[in-house]
Amino acid sequence: MIARVERGVRRLLRLLDCAVHRLSDWRFNPLHQSGTIAAYLLLVLSVTGLYLIVFYRVGSPSESVQRIAADPWLGGWMRGVHRYATDVFLLAAVVHGFRVFGQARSWGPRARAWVTGVVLVGVGLACAWTGFVMAWDTFGQRLAIVGARLFDVLPVLSEPVARIFAGDRAMPSAFFFLNLFVHIGLPLLMGIGLWLHVSKVARPVLLPPRRLQWAVSAGLVILAVVIPAPLGPAADPLRLPAATVLNLSSAWWLPLAERSSPWLVWGAAAMLTLLAIAVPWLARRSRSETFAPSVVDPRLCTGCDQCTQDCPWGAITMVPRTDGRPTLVALVDPALCVSCGICAASCAPMGVGPEGRTGRHQLFRARTELLPQLREGTVDSRIVAVCCSQTDAMVRKHFGSVGARLHEVPCIGTLHTSVVELLLRQGASGVFIAGCPPRDCAAREGPKWTELRLFHDREAELQERVDRRRVHLTVAPAGLAGETLAEYANFRDAVRALEGPEVEDDVDIRLLCEPLEPEAGT
Amino acid sequence: MIRRLALGLVVALVAWLLAASSGATVTWHGDEAALLRLSWVARPERIEECRSRTDAELAEQPAHMRQARECRGGSASYRLAVTIDGEPIAEDVLEGGGLRKDRAIFVLQEHPLQPGARRVQIRFSRVEPSDRPVDSADVRRGAVPRSLVLDTVVQVPAAGVVLVSFGDSAFILKLP
Ligand code: HEM
Ligand code: SF4
Ligand code: SF4
């Protein structure tokens with residue numbers, strides 16, 4: 001059931017991706033960068049918030065905000081940027097949440113990231129709430145009254161908080177002081193939340209590329225100047241404005257909440273939160289086969305430390321050996337391992353990886369499934385197109401129709417370079433590798449490590465003896481099947497122009513250690 | 001070129017949608033809506049049942065605890081009745097806050113009103129216990145009067161709040 005929902009979300013996001021890629025450069029697709037954009041906007045909100053706080057007065061909240069809004073120089077657009085950044089932040093966080101959900105990245109060791117993500121959105125909404133109350137216009141007043149009513153049904157205070165807003169006495173500035181305190185305190189909590197959110201991933205990328213940062217900032221400033229952020233008339237407890245501003249991104253629930261009983265609102269909020277927090281449990285899979293954690297074969301491990309450097313989840317540590325050999329040995333913590341398989345390609349002696357996906361298993365599969373097809377045929381039909389199974393299905397379908405041998409892998413970052421070498425030395429005329437956009441890689445660092453391993457000597461590197469002209473690495477973004485296939489056609493033409501590869505009958509890929517042949521059938 | 005133009009248009013559209021959703025306008029009610037709001041704090045009276053101790057009872061007590069009268073009791077509850085143009089709108093019995101109900105009574109009620117001249121009647125009166133002993137006393141300084149009544153015709157403004165609060169032993173009426 002949940003897998004079907006995941007597929008639905010993935011399909012929807014793919015449609016959006018396709019639209020973005022047709023219009024702009026996929027490298028800056030904001031949908032791929034939604035998490036980092038949300039994190040960047042936290043910075044923007046902090047900077048603009050610091051400016052606004054200087055001019056805010058708890059003793060005269062609405063007058064001070066009206067004054068800021070009327071300032072044609074900095075104040076007006078600083079407020080606008082602060083306001084619109086809140087909207088984009090919430091939107092980006094939700095898109096990012098849906099994205100990781102659609103990619104089935106919400107459970108297992110990722111549960112902490114998921115749950116803290118849900119909390120971050122909740123705290124963000126609460127922070128927006130207090131921000132609108134600070135402005136104390138008719139919309140802020142409505143939010144404050146609803147909040148007070150919700151609070152008043154809880155058996156906390158015997159005096160209803162909502163009486164503050166009744167109008168029989170002046171609004172106490174202590175209320176605005178407390179509100180301001182919460183508005184500043186919540187972002188600090190979000191900072192801690194964000195740290196927890198990414199605490200389990202290795203080398204978290206927190207900011208989008210520079211160009212995207214500039215684009216987001218400039219977009220917000222232009223929007224704030226062209227369409228100044230709306231501000232309603234100052235709140236008056238004895239007036240009932242028929243209409244007010246309503247910020248949809250953070251207060252879409254307000255009309256519903258005003259018409260429902262506070263307990264119903266609490267119930268609905270609790271249900272929604274519980275459902276969101278329960279996703280890691282609802283979406284979890286059995287940790288065997290596809291999701292089996294990685295294991296180390298201590299007989300093969302030379303203690304080189306490479307897998308610990310490549311694992312995107314910091315799931316591998318080096319520990320002392322028990323067999324008397326002088327090196328350390330790698331050890332995978334299954335509670336941290338997300339079974340991405342990246343480590344399999346980092347290990348030259350092929351001693352680590354999830355069961356069935358280690359370098360040795362990959363070689364076995366290449367030998368039994370691919371090599372027999374590469375013995376004969378034209379140059380074209382002996383090009384192997386290695387494709388990540390998460391890339392656009394259209395691209396994968398088309399590789400068959402243009403005569404290439406499709407070889408699907410769970411992520412190109414799991415492809416051991418020895419497989420590329422084996423293929424090229426035993427009949428393949430070329431290896432064309434197509435992966436996901438780097439910021440959309442479900443294994444986080446697949447395309448990055450692959451490029452370094454193929455072309456920049458990162459362990460386990462593609463051996464120098466392999467002709468690099470016969471290896472091509474590319475990105476296959478959603479919706480750009482035509483471009484990917486055109487790139488493939490160029491590569492094919494280049495390979496055609498080369499002299500046919502010499503087929504070596506007995507290739508010794510036993511590079512560093514004795515490989516252990518996997519049992520037949522695995 | 002066309003791609004750039006399309007991108008520009010889409011970005012402009014998304015930005016406009018963002019601004020529109022950020023500052024959407026929502027209509028909560030018609031222009032004519034008005035409200036009667038009751039908001040006050042009242043300390044309830046304490047109703048005590050007292051009796052004089054007998055000499056024998058007094059003799060049993062240590063010297064410093066020999067009080068001639070012994071009182072037990074609780075805080076009074078109050079009936080709040082609201083009538084608009086002769087039609088009863090609400091009637092509630094309100095008790096003091098806190099576990100022992102001896103804290104202040106907090107009143108906060110809102111009732112829709114039609115603009116125009118409206119006769120508003122509010123009665124806030126103590127609920128008399130039916131089995132009240134003759135030998136009893138009501139004590140509490142600063143407690144709300146035993147009965148408060150407001151009976152007046154108010155010019156209710158459109159989209160305004162008629163606020164009724166309480167101070168100096170009487171109801172206070174406030175209009176926008
Ligand atoms: C509220 C603001 C949020 C910010 C600033 C944020 C930011 C980030 C960042 C920077 C990463 C690490 C990306 C990387 O280096 O690969 C990340 C990962 C993650 N986020 Fe968020 N996030 C937010 C909200 C959410 C929400 C709402 C959810 C889901 C409910 C969520 C779920 C996740 C998950 C599951 C991961 C780990 C994904 C993986 O690497 O496999 N996040 N987030
Ligand atoms: S990469 Fe392989 S050899 Fe190196 S530490 Fe990891 S398991 Fe051992
Ligand atoms: S499969 Fe390997 S690289 Fe991936 S999380 Fe597990 S140990 Fe790390």
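Every chain is numbered from 1, with letters handed out A, B, ... down the list of sequences.
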Atom [atom1] of residue position [X] - does it have more than 12 heavy atoms of other residues, nucleotides or ligands inside 6.0 Å?
{"X": "A:R211", "atom1": "CZ", "answer": "no"}
{"X": "B:Q67", "atom1": "CD", "answer": "no"}
{"X": "B:R123", "atom1": "CZ", "answer": "no"}
{"X": "A:F175", "atom1": "CZ", "answer": "yes"}

Next item on the list: Assess whether side chain to side chain contact (heavy atoms under 4.5 Å, CB included) is satisfied between B:W16 and A:I227, documenting all intermediate values.
Entry: CA-CA 8 Å; B:W16 179 79; A:I227 310 179; 4.2 Å; yes

Checklist line | Polar side-chain atom of B:R3 near backbone of A:R22 as donor-acceptor pair, under 3.5 Å | finding: yes

Margin query: Given 3.5 Å as the limit, does a donor-acceptor pair link the side chain of B:R4 with the main chain of A:L23, or not?
Written below: no

Notebook entry, point to check: If you count heavy-atom pairs under 4.5 Å between each of A:L91, A:D152, A:L231, A:N247 and chain B, which one has the most?
Noted result: A:N247

Next item on the list: Just give me the residue among A:R142, A:R83, A:R239 that pairs up with chain B most often, heavy atom to heavy atom, under 4.5 Å.
Entry: A:R142

Notebook entry, point to check: Heavy-atom distance under 4.5 Å between the side chains of B:T25 and A:L246, does that happen here?
Noted result: no

Can you tell me how far [atom2] of [Y] sits from [atom1] of [X], rounded to the nearest 0.5 angstrom?
{"X": "A:L238", "Y": "B:L35", "atom1": "CG", "atom2": "CG", "value": "10.5 Å"}
{"X": "A:F165", "Y": "B:S39", "atom1": "CZ", "atom2": "OG", "value": "12.0 Å"}
{"X": "A:R163", "Y": "B:F106", "atom1": "CZ", "atom2": "CZ", "value": "7.0 Å"}
{"X": "A:L248", "Y": "B:S22", "atom1": "CG", "atom2": "OG", "value": "8.5 Å"}

Note to self: Can you list the residues of residues 162-176 of chain B that sit under 4.5 Å from chain A, counting heavy atoms only?
What the structure shows: B:L163, B:S165, B:K174, B:L175, B:P176

Notebook entry, point to check: Who among B:G97, B:G23, B:A24, B:G96 has the most heavy-atom pairs with chain A under 4.5 Å?
Noted result: B:A24

Margin query: What part of B:V26 gets within 4.5 angstrom of chain A, counting heavy atoms only: side chain, backbone, both, or neither?
Written below: both

Checklist line | Portion of B:A34 that has a non-hydrogen atom of chain A nearer than 4.5 angstrom | finding: backbone

Next item on the list: Measure distances from A:F132 to the heavy atoms of chain B and classify the residue's part below 4.5 Å as side chain, backbone, both or neither.
Entry: neither

Notebook entry, point to check: A:D168 and B:W40: side chain to side chain contact (heavy atoms under 4.5 Å, CB included), yes or no, with the steps?
Noted result: CA-CA 8 Å; A:D168 51 339; B:W40 65 81; 5.5 Å; no

